[in-house]
Amino acid sequence: MLLTFLRHYLGAHWRFTRLEGTALTKFQDTLVRRQVAFASTHSPFYRQHWQGSDLSEWQALPTVDKRLMMANFTAFNTRGVDGDVAMERAIVAETSRDFRPTVPGTDLTVGLSTGTSGHRGMFLVSPQEQAAWAGAILARVLPGPIWRRRGWRVTLFHRATSNLYERARSRSVTLNYHDLMQPLPEAVAALNVEQPHILLGPPTLLAKLADEHRAGRLRIRPERIFSVAEVLEPQDAEQIAGAFELAALDQIYQCTEGLLAVSCPHHRLHIMEDLVVIQTEALGEGRAAPLVTDLWRTTQPIIRYRLGDVLTLAPPGRCACGSAFRVIERIEGRQDDLCYFLKENEERVPFYPDTVRRAVLLASGQILDYAVRQRQPGEACVFLELTLEANRVLVEDAVRASFTRILASYDCRPAMLTFEAQLPPRVLGAKRRRIQNESKPC
């Protein structure tokens with residue numbers, strides 16, 4: 001695994017500033033053709049999905065999306081892993097908060113990801129793919145080459161840890177992981193001890209840490225801060241960067257489908273064009289929807305995968321950092337809001353979007369889509385789109401029980417939930433807001 005890590009770390013370093021133009025196009029074309037050949041041989045889903053298509057014209061192959069992948073998960077992956085078995089392992093990990101065990105009978109790590117779209121997704125990665133990811137992400141996140149400084153300290157706040165993140169640990173890098181729902185005073189105390197060079201977390205949490213820094217309770221001076229997992233609004237980026245006296249807040253654009261983009265040292269969000277190919281479908285007014293093809297993963301091939309995101313791309317050209325990789329000017333859409341639930345003494349506890357998503361999506365496999373709207377702390381309206389065979393009463397009872405269990409784990413009383421059978425209308429030109437807080441917390 002060490003050799004895989006080093007090969008991908010060094011390769012990612014070299015390619016970022018040297019691969020461009022026809023050389024980049026040829027590099028991508030060679031790897032996509034290899035991926036297509038592998039998937040057509042080892043994935044029953046892709047073999048059927050591409051029947052009648054000219055595989056040499058990969059740019060025009062039929063697309064896939066999260067719903068299609070999840071509905072055909074067993075045939076989609078190339079290791080023959082049963083989708084129900086993988087989902088059971090992922091749900092056990094989510095509920096127990098122990099993400100170390102692999103899929104039974106394999107060496108594969110499984111993870112559950114909902115993303116900002118609200119759709120439940122699942123990923124499978126092999127140890128080799130984990131090592132490759134770790135090498136690539138560290139090459140793009142650390143301010144300088146790993147060999148120039150010993151003892152890099154990286155702190156990550158996320159809904160779930162994973163064997164994937166554990167691969168990023170090395171003798172040169174200390175990685176500290178914290179559950180997103182860790183009480184804020186505990187998180188501040190831990191950060192004051194860890195003194196990270198690199199801090200990663202959702203912007204809703206980073207904004208709270210910025211407030212703690214201004215108040216003098218958080219005493220860290222990270223060299224870079226990366227926003228992850230949620231849409232980053234410009235006003236939040238400015239506020240967070242200002243609190244920590246940074247020139248700008250950086251971003252990592254990653255999802256079930258791969259590592260898509262990372263901010264460079266000049267704070268421009270570059271597409272990782274040596275890791276993924278992103279084709280775009282024009283949406284008008286400079287906006288585009290991405291079609292993603294991962295160049296390296298073979299356990300769960302991602303080829304011509306349609307994301308629900310809306311992107312604005314910068315004009316092509318070489319960045320001041322030295323890279324010609326395309327730049328995302330903005331990931332469009334609205335940032336999910338915090339929801340607030342109550343302790344017995346009426347104290348309000350903030351719940352981050354991923355925790356609310358987990359309360360809904362772990363309740364039943366018959367939930368296709370959802371939205372949560374909150375007007376008052378302690379209350380929420382849950383909109384559910386269910387499969388045709390679902391018993392709505394039983395699913396709603398399961399969601400209510402799931403909320404009660406998760407809230408109780410944070411010493412909160414049960415929420416007053418109401419349910420709607422139809423999702424709220426989509427916002428024109430943006431993704432539907434899945435978690436919406438319409439109250440005005442002080």
**Q** Closer than 4.0 angstrom, basic N to acidic O: yes or no for Asp29 and Lys26?
**A**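 Here Asp29 does not pair with Lys26 in a salt bridge, since their nearest N and O are not under 4.0 Å apart.
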**Q** What I'd like to find out is whether the side chain of Cys321 reaches to under 4.5 Å of the side chain of His270, using heavy atoms alone.
**A**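 Counting from C-beta outward, Cys321 and His270 do come under 4.5 Å.
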**Q** Side chains of Thr78 and Gln300: any donor to acceptor distance under 3.5 Å?
**A**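 Checked: Gln300/Thr78 side chains show no N/O donor-acceptor pair below 3.5 Å.
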**Q** Could you go step by step and tell me if Phe341 and Gln374 meet the side chain to side chain contact (heavy atoms under 4.5 Å, CB included) rule?
**A** CA-CA 10 Å; Phe341 296 98; Gln374 185 180 63; 3.9 Å; yes
**Q** Take atom CZ of Arg221 as the centre, draw a 6.0 Å sphere, and report whether it contains more than 12 heavy atoms from other residues, nucleotides or ligands.
**A**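 Not more than 12 within 6.0 Å, no.
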**Q** Among side-chain atoms of Glu194 and His178, is any donor-acceptor pair under 3.5 angstrom?
**A**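 Present: a donor and an acceptor within the cut-off.
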**Q** Do we see a donor-acceptor contact under 3.5 Å between the side chains of Thr174 and Arg153?
**A**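 Thr174 vs Arg153: no donor-acceptor pair found between side chains.
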**Q** Does one side chain, of Trp152 or Glu223, offer a donor that lies under 3.5 Å from an acceptor on the other?
**A**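 Looking only at side-chain atoms, Glu223 and Trp152 do not form any donor-acceptor pair under 3.5 Å.
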**Q** How about Tyr370 and Phe383: are their ring centres within less than 6.0 Å of each other?
**A**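 No; Phe383 has its ring centre 6.0 Å or more from that of Tyr370.
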**Q** Main chain of Val81, side chain of Asn77: is a donor-acceptor contact present, judged purely on distance under 3.5 Å?
**A**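 Yes; at least one donor-acceptor contact below 3.5 Å.
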**Q** Out of the candidates Phe38, Phe45, Tyr46, only one should pair with His42 under the ring pair (Phe, Tyr, Trp, His ring centres under 6.0 Å) rule; please name it.
**A**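 That would be Phe38; it is the only one of Phe38, Phe45, Tyr46 passing the ring pair (Phe, Tyr, Trp, His ring centres under 6.0 Å) with His42.
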**Q** Compare all side-chain heavy atoms of Val85 with those of Thr74 and state whether any distance is below 4.5 angstrom.
**A**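 Result no, sub-4.5 Å side-chain heavy-atom pair not found.
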**Q** Are any side-chain N or O atoms of Gln195 and backbone N or O atoms of Asn192, one a donor and one an acceptor, separated by less than 3.5 Å?
**A**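 The answer is yes, because a donor-acceptor pair under 3.5 Å joins these two groups.
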**Q** For Glu88, I'd like to know if atom CD has over 12 heavy atoms of other residues, nucleotides or ligands within 6.0 Å.
**A**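 Open: at most 12 neighbouring heavy atoms sit under 6.0 Å from CD of Glu88.
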**Q** Mind listing the closest non-hydrogen atom pair of Arg33 and Ser56 along with its distance?
**A**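 Taking every non-hydrogen atom into account, NH1-O, 3.0 Å.
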**Q** When the aromatic ring centroids of Phe157 and Tyr177 are compared, is their separation below 6.0 Å?
**A**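 No; Tyr177 has its ring centre 6.0 Å or more from that of Phe157.
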**Q** Is there a donor-acceptor contact under 3.5 Å from the side chain of Arg140 to the main chain of Met272?
**A**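 The answer is no, because no donor-acceptor pair under 3.5 Å joins these two groups.
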**Q** Does any N or O in the side chain of Gln28 come within less than 3.5 Å of the main-chain N or O of Asp274, such that one atom is a donor and the other an acceptor?
**A**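 Side chain of Gln28 to backbone of Asp274, a donor-acceptor pair under 3.5 Å: no, none is there.
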**Q** Looking at Ser43 and Ser40, would you say the former's side chain and the latter's main chain have a donor-acceptor pair under 3.5 Å?
**A**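 No, because the side chain of Ser43 does not come within donor-acceptor range (under 3.5 Å) of the backbone of Ser40.
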**Q** Do Arg79 and Asp107 sit within salt-bridge range, that is, some charged N less than 4.0 Å from a carboxylate O?
**A**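 Between Asp107 and Arg79 there is a salt bridge, with a charged N closer than 4.0 Å to a carboxylate O.
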**Q** Please confirm whether the backbone N or O of Val276 pairs with a side-chain atom of Asp294, one donor and one acceptor, at under 3.5 Å?
**A**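 Between the backbone of Val276 and the side chain of Asp294 there is no qualifying donor-acceptor contact (under 3.5 Å).
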**Q** Is the count of non-hydrogen atoms from other residues, nucleotides or ligands lying under 6.0 Å from Gln182 atom CD greater than 12?
**A**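 Yes, because the 6.0 Å sphere around CD of Gln182 holds more than 12 heavy atoms from other groups.
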**Q** With distance as the sole criterion, is a donor-acceptor pair present between the side chains of Thr293 and Gln35 under 3.5 Å?
**A**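 Looking only at side-chain atoms, Gln35 and Thr293 do not form any donor-acceptor pair under 3.5 Å.
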**Q** Under 3.5 Å, is there a donor-acceptor pair between the side chain of Arg373 and the main chain of Val382?
**A**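 A pair under 3.5 Å: no.
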**Q** Does Lys66 offer a backbone N or O that forms a donor-acceptor pair with the side chain of Tyr305 under 3.5 Å?
**A**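 Yes; at least one donor-acceptor contact below 3.5 Å.
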**Q** Considering only NZ, NE, NH1 and NH2 on the basic side and carboxylate oxygens on the acidic side, decide whether Arg217 and Glu212 come within less than 4.0 Å.
**A**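 A salt bridge links Arg217 with Glu212.
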**Q** Check whether the ring centres of His8 and Trp133 lie less than 6.0 Å apart, and answer yes or no.
**A**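 No, too far apart.
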**Q** Taking C-beta and beyond as the side chain, do Leu311 and Arg330 meet within less than 4.5 Å on heavy atoms?
**A**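 Not touching, per the 4.5 Å side-chain cut-off.
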**Q** Would you say that Ser227 contacts Asp250 through its side chain, given a criterion of any heavy-atom pair below 4.5 Å between the two side chains?
**A**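 When only atoms from C-beta onward are counted, Asp250 and Ser227 do not touch, as no gap falls below 4.5 Å.
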**Q** Tell me, do Pro316 and Arg326 make a side-chain contact under 4.5 Å, heavy atoms counted?
**A**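 Answer no - side chains too far apart.
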**Q** Report yes if the side chains of Leu199 and Leu209 come closer than 4.5 Å at any heavy-atom pair, otherwise no.
**A**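 Yes - at least one pair of side-chain heavy atoms lies under 4.5 Å apart.
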**Q** Would you find a donor on one side and an acceptor on the other, under 3.5 Å apart, between the side chain of Ser402 and the backbone of Ala359?
**A**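 Indeed, once roles are kept as given, a pair shorter than 3.5 Å links the two residues.
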**Q** Does a side-chain heavy-atom distance below 4.5 Å link Ile271 with Phe325?
**A**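 No, side chains not in contact.
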**Q** Taking the side chain as every heavy atom from C-beta outward, state whether Tyr253 and Val228 have any pair of such atoms under 4.5 Å apart.
**A**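 No; the side chains remain at least 4.5 Å from each other.
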